[in-house]
Every structure is written in structure tokens, then in C-alpha cells.
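Every chain is numbered from 1 and lettered A, B, ... according to where its sequence line falls, protein lines coming before strand lines. Note that the coordinates shown come from a computational prediction; the quantities given were computed from them, not determined experimentally.
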Amino acid sequence: MRWKWTPLVIVLGIVALSGEAQFLTGEWTADIAILPALDLNSTSFVLGYTFSSWTVVSTSDFTPDGWVWQEFNLEGALGQIEIEGNLLFGPLVSDFLYSQVIWGMDLDMAELELYAALLGDSVGGYVLGGPTGGTAVKLSASLGGGVEAVCVIGFGASLPEDGFTIHHISGLEKTYATDPRPGSCCFTVAELSLFGLTFCCSTLDFKIVFSKEGLDYAMFSFANITLASLPITFDLSAKFGVNYKGVSLTSKFDFGAVCFDIYGDLEHTGGTSVNGVIIGAFGIGCEIGPCVSFYAGTEFSSSFAPEEWGLEGDEFEYFKLSICGPGCCGSEYTMDLTVYFDNTGGIFGLSRFTTEVSLPVTISFTVSFSLSYWISTGDSSLDIGWTFKF
Amino acid sequence: MKKRAGCRRGSAGALVLLLGLSLAGCFKPPAPVVQATLIFSDFVGPVGDRGEVKVSVASMPGGGLAGLVVGAWDGTQFLGLQYDPTQFEITGVEGLNGFQILATFIDNASGEVRFVAVNPAGGLVEGDVAKIVGNRLGGVNFDFQVAKANLQLVDANGALIPDTDYIVSTGKAPPYYVEGGN
């Protein structure tokens, strides 16, 4: 229970320091549940300190589980070498979780970066676990005509396209550039990529990957292949391994500047034959006036609706009105009113409505409210949050 | 210009030196898996949501693993992989890499799962055999447990792999975790 006093101590520290030192910057965000029960959802403290060409930032995150993350970030330059460092601790297990250092240098025709990272043994989820670390060298160069070449050589580490994410069971996560697995001082992977090549009527990205055992795979990715005047485009990628080949075809509907979107897919029966087109969801969005927007969407088949619609359970349709206007100190207030529909027999088919408001109170203080009401069960939730910057 | 080029060379040298220092023993690489191992990974997933435990093998002999029984008869009882039922609720077991799940027994009251996985196409030396999926009920860390006597491993030749020829590694349910990869 001792951790519950920590946010208060940090806030008092921030207030005390901010009065004395102008080189400190900070931000305090909080999200508190009022209904159905009073509880802390999450709170975060960010404290930055700038000296010379260096910036040190401390970020502390809390949830009802306790003090989840303590992160320190360092950014600056030593001559022509730019340096970024990250250090992550898990106070819940009182242990080091992750560290990363990136050294970068701008050469005349290219950019050279070195990545080094360590993963602590309190982070689980990978085979056999244990502390592990590695380094990677990245050389990027622009070849002209929009073509970029990137070469990565890993010594126990790699640089995943989507980054390397450490999760906490509360749902919070931190993402960094370097994946220090499998961990080693020796060569583990080499990648050469070419982006933005022009090939026939599409753009082509090429990637070839070698591991310690030799060639791992080569991949060709074609983007935005169009078919005559049809409002459909395809992304095609072909991956060639040592003893396999994989082809992936992704289709997208593109109606240009019109205000509706269709979410669908091609209907396959296996192999390369296409039997038809599945229309899975339909959405519309338009500006009614300055700072007034209307959105609506209907899902015909599950799993087609985009996440931003916010559908839950058996809900298949939503209508949303977004309003904004001038608030305090040159900022804008925003308000979203949304109703959802399902087939459980609520009045007019309504299942839930939500209201989200963000209101700037002063130049450095913004309050937010989030209210949800489930019609079928009568349950409601109310969250209040704020952001305080200095 | 000469001074600038010299400065750049110096910076590049410093960069290479930093890399050298990084490679020269700052890191403690994990020991490579050289012994045949059956691995039950850590349970990964957020509280109140779906999560999974991967069952995988490394350095399997005899052309690789082609059959796996978790919860075999040990002379006195059938007992599979055990877990804390207050923290984890299993909903199913799915085969991976060509493995098919022939039978499953799940007891979320006592916290036990048994299953039989086979790959009719051949053996797997390295890789994932199956994943045990379910819901994370709480945030308390716990150990998965399974006795070697309750496991049966069959290689690609149809021969039983003696329990002296492999080791078993079982995971936990850590509060911090990563997904995917090795």
C-alpha cells in the first residue's frame, strides 16, 4: 500500500521544484473512475530537465496495480554523434526491465546508427527467458528518385519494423526500437532493404535477410496496384524462404474524395481464385459546419469494423456527433456524443451511449470527462481525467 | 574542410569504439539450447483478456517431435499441466506447425489441462507445437507445473523419446512480458 503515497510525493516535488526552477518542464495526467466505483484508472508524471544540449526526462506510470513503470530518457549530442538513451524499471518487481542506447551520426550521403539494448530477467514471455542483450548497426542512404536503402546488421539484436514492445498485465506498454533477442555478441542477422522502387504501375519494396545459417528469406512487396478504373487497390507481397514461398494479397477500397468508406475483402475458396467481394462494413463521415462533424457506421459482418468505431459485444452500428469550439486561453474544447445499436431489444435498438468532453480550464490545465451508459443492463461508468503541464 | 573530415573520421572512430565496447562483454548472452528441451512458455496476456502459453521444442532428436502427450498415466494417475485456476482459465488448445490436437481435457476447477498433439506429416526439431489459450483472471504470478512421468514424447520414427534424453522447462505468469520471437 506504500505506493499510494508516491504520486502525492511526486506531485509535491513537482510543485516545489517548478516554483524555483524554470528549466524544469513537466506534465501530470490522471484518469479516475467515479462510477461505478471510485478508483484510480491510471496516472502519469513526466518531469523533464534540460541542460546544455541534453534533456533528461523521467516518466512514472501508476495503475491500481501500483507503480508500473519508471522510465528515464536521455537525449543529446557529443560533437557530431547524437545520443539517445532509455532506461526502464518495473517498480512492481523492484527490478530493471530494459535499457537502450542509440548512437547516430549523419554522414554526407548516409546516416549511421548503432543500437544496443539489454532486457532484464524480470521480463518474461520469450523462450527460456533470462537476461539478454545485443547490438545492431544500421546504415541508411538515399539513392535518389525517392529510393532509400537500409542495411541492418545484428549482433544478438534486431530492429523490428513495429518496434519492440514490453507489456504489463494492466494493458500498459512501452515500445522501443531494439529487440535484444536472441542475445549474443556474435553475428545473428543481416538485412538489406530497398524502399520506394518504381516497378510497372506500383511501388516496390525489397528486403533480403540472412541469418547465421545463411539466406533466411527474400521479400518483394508491391503497394497500391490498381485495376483500370475500379475503386479497389491491392497490396501484394511475396516471400521466398529456403524451402517455402508465401504470397499475401490485401485489397483496399478507395473511392477517392467521397465521404463514405467501405470495409471489405475478396472472397476466396483457396488458392488464387476469387469468387466475389465481401462488403463487411460501411462508414460515413462529413463536416456539417465549422467544428461540427457527423460520423456513422454499420457492420454487416463481424470483425470488419475499424477499432475507432468503438463497437462492443454484439453492437453493429453507431452514430457520432463531434463538436468543438473556442475554450480558455486560445485552446479548443471538444465533445463527442455517440450512440450504439445492437439486437438485444433496447428502445430503438439502442444499446449504449457515450459522451466524451475535453475542456481547457487554464493554459496549463485541461479537464476531461467520459460517461457511458448501457441501456440493456442500466450500468454506467463515469471517468474524470486531467492534464496539468508546466 | 580537412578539419571537418577529420572530425567526422574521429566521430566514426568513436562510434566504432562504442560498438566494440558494447560487443566486448557488456552483455551476458543466454546459453544456447543444445539439449533436447520441451518448453512450456510463460503465460502472456493482460488481466481480463485473452492470453496464451506456447508449447515448443528445441533440439529434438530422432528427426524431431511428432507426438506429444501431456497428462499421460504415470503408474498411479493421469496428471497434466497444472496452473493456478484463480488466475488462469483455459478455453482451448490449438495445434501449430502441422500439429493436430486429438484430445483435450480441461479442468478449470482444479487447474489442470491434458492434451494429445500429433503431426502426421513429420517431426519438428525446433519450433512451436501448440498454444494453450485462455483468459487471465488476475495479476498474481504463479508457476506452471508438470511431471516428466506424465509426459510422452514420440519422435518422427514413431519411437518414444526416453525421459533421460530431454529436459522440461515450465514458465510463469510474469507481470511484465514480451510477445513473439525467441
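More than 12 heavy atoms of other residues, nucleotides or ligands shown are found within 6.0 angstrom of CG on A/D39. Within 6.0 Å of atom NZ in A/K212, 12 or fewer heavy atoms from other residues, nucleotides or ligands are found, so the atom counts as exposed in its surroundings. Within 6.0 Å of CD on A/E82 lie no more than 12 heavy atoms contributed by other residues, nucleotides or ligands.
Considering every non-hydrogen atom in both B/E179 and A/R181, the closest pair reads O-NH2, 3.9 Å. Of all non-hydrogen atoms in B/P174 and A/G124, the two that sit nearest each other are CG-CA, 3.7 Å. The two atoms that bring B/P175 and A/V93 nearest to each other are CG-CG1, 3.7 Å, heavy atoms only.
Looking at A/L92, both its backbone and its side chain come within 4.5 Å of chain B, counting heavy atoms on both sides. For B/V178, the parts sitting under 4.5 Å from any heavy atom of chain A are the backbone and the side chain alike.
For the pair B/R136 and A/I169, the minimum side-chain heavy-atom distance is below 4.5 Å.
Looking only at distances, a side-chain donor or acceptor of B/Y176 sits under 3.5 Å from a matching main-chain atom of A/V68.
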